[in-house]
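The analysis underlying the following values was restricted to heavy atoms, covering all of them including side chains, and did not include hydrogens, waters or symmetry mates.
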Amino acid sequence: MRKPQVFTTVQDFRAALAEFVRRHSTLRPTVGMVPTMGALHSGHGALVAAAREQADIVIASIFVNPLQFDDETDYQHYPRGLDADLQLLGEQGVDLVFAPTLEEMYPGFPETPQVSLTAGEMGRLWEGASRPGHFDGVVTVVAKLFNIMAPPSPAKLHAWFGQKDAEQLAIITRMVQDLNLPVTVRSLPIVRDENGLALSSRNQRLSVEDYEAALAIPQSLFGLRQNVENGDPLGLDDAVAALNEAYGVDLDYLVVVDPATLQELPPEDGSLQQEALAMIAARVGPVRLIDNMVLTPSSSASAAPR
Ligand SMILES: Nc1ncnc2c1ncn2[C@@H]1O[C@H](COP(=O)(O)OP(=O)(O)OP(=O)(O)O)[C@@H](O)[C@H]1O
Ligand SMILES: CC(C)(CO)[C@@H](O)C(=O)[O-]
Ligand code: BAL
């Protein structure tokens, strides 16, 4: 197995990447970047595999970003496992890994950075409403990671994100547009387990009972998709009622939104008139889970990779 080179400082990572780009046989290589918070699973694996297939050089980051946690317990219990993560990244042919310390990313932490980004109105919707400040923390760290991990010219940077975190993906896409960042955002559909549950690092914290209860989440999304594909009324109210009654599931929201703006779509006469995204967040046992599904009136409901 080829182990990835791991760097904990900005300076060392940049120097190694510059050298990698300089030595690469391609004149204008594409660098595929996969930002993560570690505790890697096959969802991350799919992002790395896509980056490996489409880019000349593949880089990944592992950093649990305290700025995006509004809940200290969630931050403290976030699953971590650097050795296993590096093993997986190595097996998948990642070239360089940036795994900074907290002090490297935020000198003087817990003092917050003087200058940071806000995610705007979209950042206060849905996950942002339930986790105040979450998306401000996400855009701040992702902008930092883009700056740190950008290869020297003329190499190009493509950054890969999962559609599981649909609101995060929409906000990062807007950040790149609004701030003219020299990065191409790419995304991949949700990877699910054999029972339909979206893979998530936090799934590690579910008990057997929690896991069984959590399956109600994808089941309600598949139900909505089936209704739309059959041309039946959406049945959103029924889906919400069923989740509110589901044992072990504490529903935060189940909404149907415009995929680009994330604004709620009031379905006219109960049926859907345009492509939409059904998004769920719910607490199950000790964790908050999110999931979503593209709803496409008539034809197939799966989003194509962008
Ligand atoms: N099941 C999945 N399918 C596709 N992409 C995923 C999946 N899970 C995570 N990702 C993507 O991997 C990247 C890193 O996510 P992260 O490290 O937070 O993992 P996570 O499993 O989403 O963890 P958690 O939801 O517990 O925070 C993000 O772009 C995220 O959308
Ligand atoms: C994009 C990200 C790595 C920023 O910390 C995180 O939010 C994640 O893993 O989805
Ligand atoms: N992948 C989502 C990151 C978070 O929940 O903080």
Looking at [X] and [Y], would you say the former's side chain and the latter's main chain have a donor-acceptor pair under 3.5 Å?
X: R225; Y: V228; result: no
X: H77; Y: T73; result: yes
X: D85; Y: R80; result: no
X: D232; Y: N227; result: no
X: H134; Y: Q68; result: yes
X: T261; Y: Q263; result: yes
X: N292; Y: K164; result: yes
X: E127; Y: E167; result: no

Task: SB check R192 D291 (cutoff 4.0 Å) - done: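 Yes, this pair counts.
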
Open item on the list: I'd like to know if R202 pairs up with D74 as an ion pair, taking the criterion as any Lys NZ or Arg NE/NH1/NH2 lying under 4.0 Å from an Asp or Glu carboxylate oxygen.
Closed with: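 Yes.
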
Closest heavy-atom contact between [X] and [Y]?
X: L206; Y: A214; result: CD1-CB, 4.3 Å
X: V191; Y: A46; result: CG2-CB, 3.8 Å
X: P297; Y: Q273; result: CG-C, 4.1 Å
X: A213; Y: V249; result: O-CG2, 3.4 Å
X: D210; Y: R205; result: OD2-O, 4.3 Å
X: S201; Y: A39; result: OG-O, 3.1 Å

Nearest 0.5 Å, please: how far is [atom2] in [Y] from [atom1] in [X]?
X: L86; Y: L88; atom1: CG; atom2: CG; result: 9.5 Å
X: L117; Y: K144; atom1: CG; atom2: NZ; result: 10.5 Å
X: L262; Y: M279; atom1: CG; atom2: CE; result: 5.5 Å
X: D12; Y: T8; atom1: CG; atom2: OG1; result: 6.5 Å
X: F7; Y: F98; atom1: CZ; atom2: CZ; result: 11.0 Å
X: E264; Y: L236; atom1: CD; atom2: CG; result: 7.5 Å

[X] atom [atom1], neighbour heavy-atom count above 12 within 6.0 Å:
X: Q11; atom1: CD; result: no
X: Q177; atom1: CD; result: yes
X: N195; atom1: CG; result: yes
X: N230; atom1: CG; result: yes
X: Q54; atom1: CD; result: yes

TODO: Could you go through the side-chain contact (heavy atoms from CB on, under 4.5 Å) check for M33 and F146 one step at a time?
DONE: CA-CA 9 Å; M33 165 188 181; F146 285 169; 3.8 Å; yes

Side-chain heavy atoms nearer than 4.5 Å, only ILVMFWY residues, links allowed to pass through others: does that put [X] and [Y] together?
X: M122; Y: V141; result: yes
X: I172; Y: M37; result: yes
X: M105; Y: V64; result: yes
X: I190; Y: V255; result: no
X: Y211; Y: I280; result: yes

Side chain to side chain, [X] and [Y], heavy atoms closer than 4.5 Å:
X: I57; Y: V21; answer: yes
X: S130; Y: R288; answer: yes
X: I290; Y: I217; answer: no
X: R14; Y: M149; answer: no
X: Y106; Y: T112; answer: no
X: V284; Y: D250; answer: no
X: L157; Y: P151; answer: yes
X: F161; Y: R186; answer: no

Task: Test side-chain hydrogen bond (donor to acceptor under 3.5 Å, both in side chains) applied to N65 and Y75, step by step - done: CA-CA 8 Å; N65 172 37; Y75 175 62; over 6 Å; no

TODO: Apply the test salt bridge (charged side-chain N to carboxylate O under 4.0 Å, His left out) to residues R131 and D136: give CA-CA distance (whole Å), side-chain angles for both, the deciding distance (0.1 Å), then the verdict.
DONE: CA-CA 10 Å; R131 299 176 65 186; D136 297 345; over 6 Å; no

TODO: Go through the steps to decide whether E19 and R22 satisfy the test salt bridge (charged side-chain N to carboxylate O under 4.0 Å, His left out), and finish with yes or no.
DONE: CA-CA 5 Å; E19 183 62 11; R22 199 180 61 76; 3.0 Å; yes

- [ ] In sequence, state the C-alpha distance, the side-chain angles, and the governing distance for I59 and V94, and then conclude on side-chain contact (heavy atoms from CB on, under 4.5 Å).
- [x] CA-CA 6 Å; I59 60 180; V94 169; 5.7 Å; no

Task: Working for side-chain contact (heavy atoms from CB on, under 4.5 Å), residues V183 and H158 - done: CA-CA 6 Å; V183 180; H158 287 194; over 6 Å; no

TODO: Scan side-chain atoms only and decide if T9 and E104 contain a donor-acceptor pair under the 3.5 Å cut-off.
DONE: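 Judged by distance alone, the side chains do not pair up.
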
Task: Intermediate values then yes/no, side-chain hydrogen bond (donor to acceptor under 3.5 Å, both in side chains), Y78 and Q204 - done: CA-CA 10 Å; Y78 195 84; Q204 284 183 26; over 6 Å; no

TODO: Begin from the C-alpha positions of T36 and V34 and carry the test side-chain contact (heavy atoms from CB on, under 4.5 Å) through to its verdict.
DONE: CA-CA 6 Å; T36 82; V34 183; 3.9 Å; yes

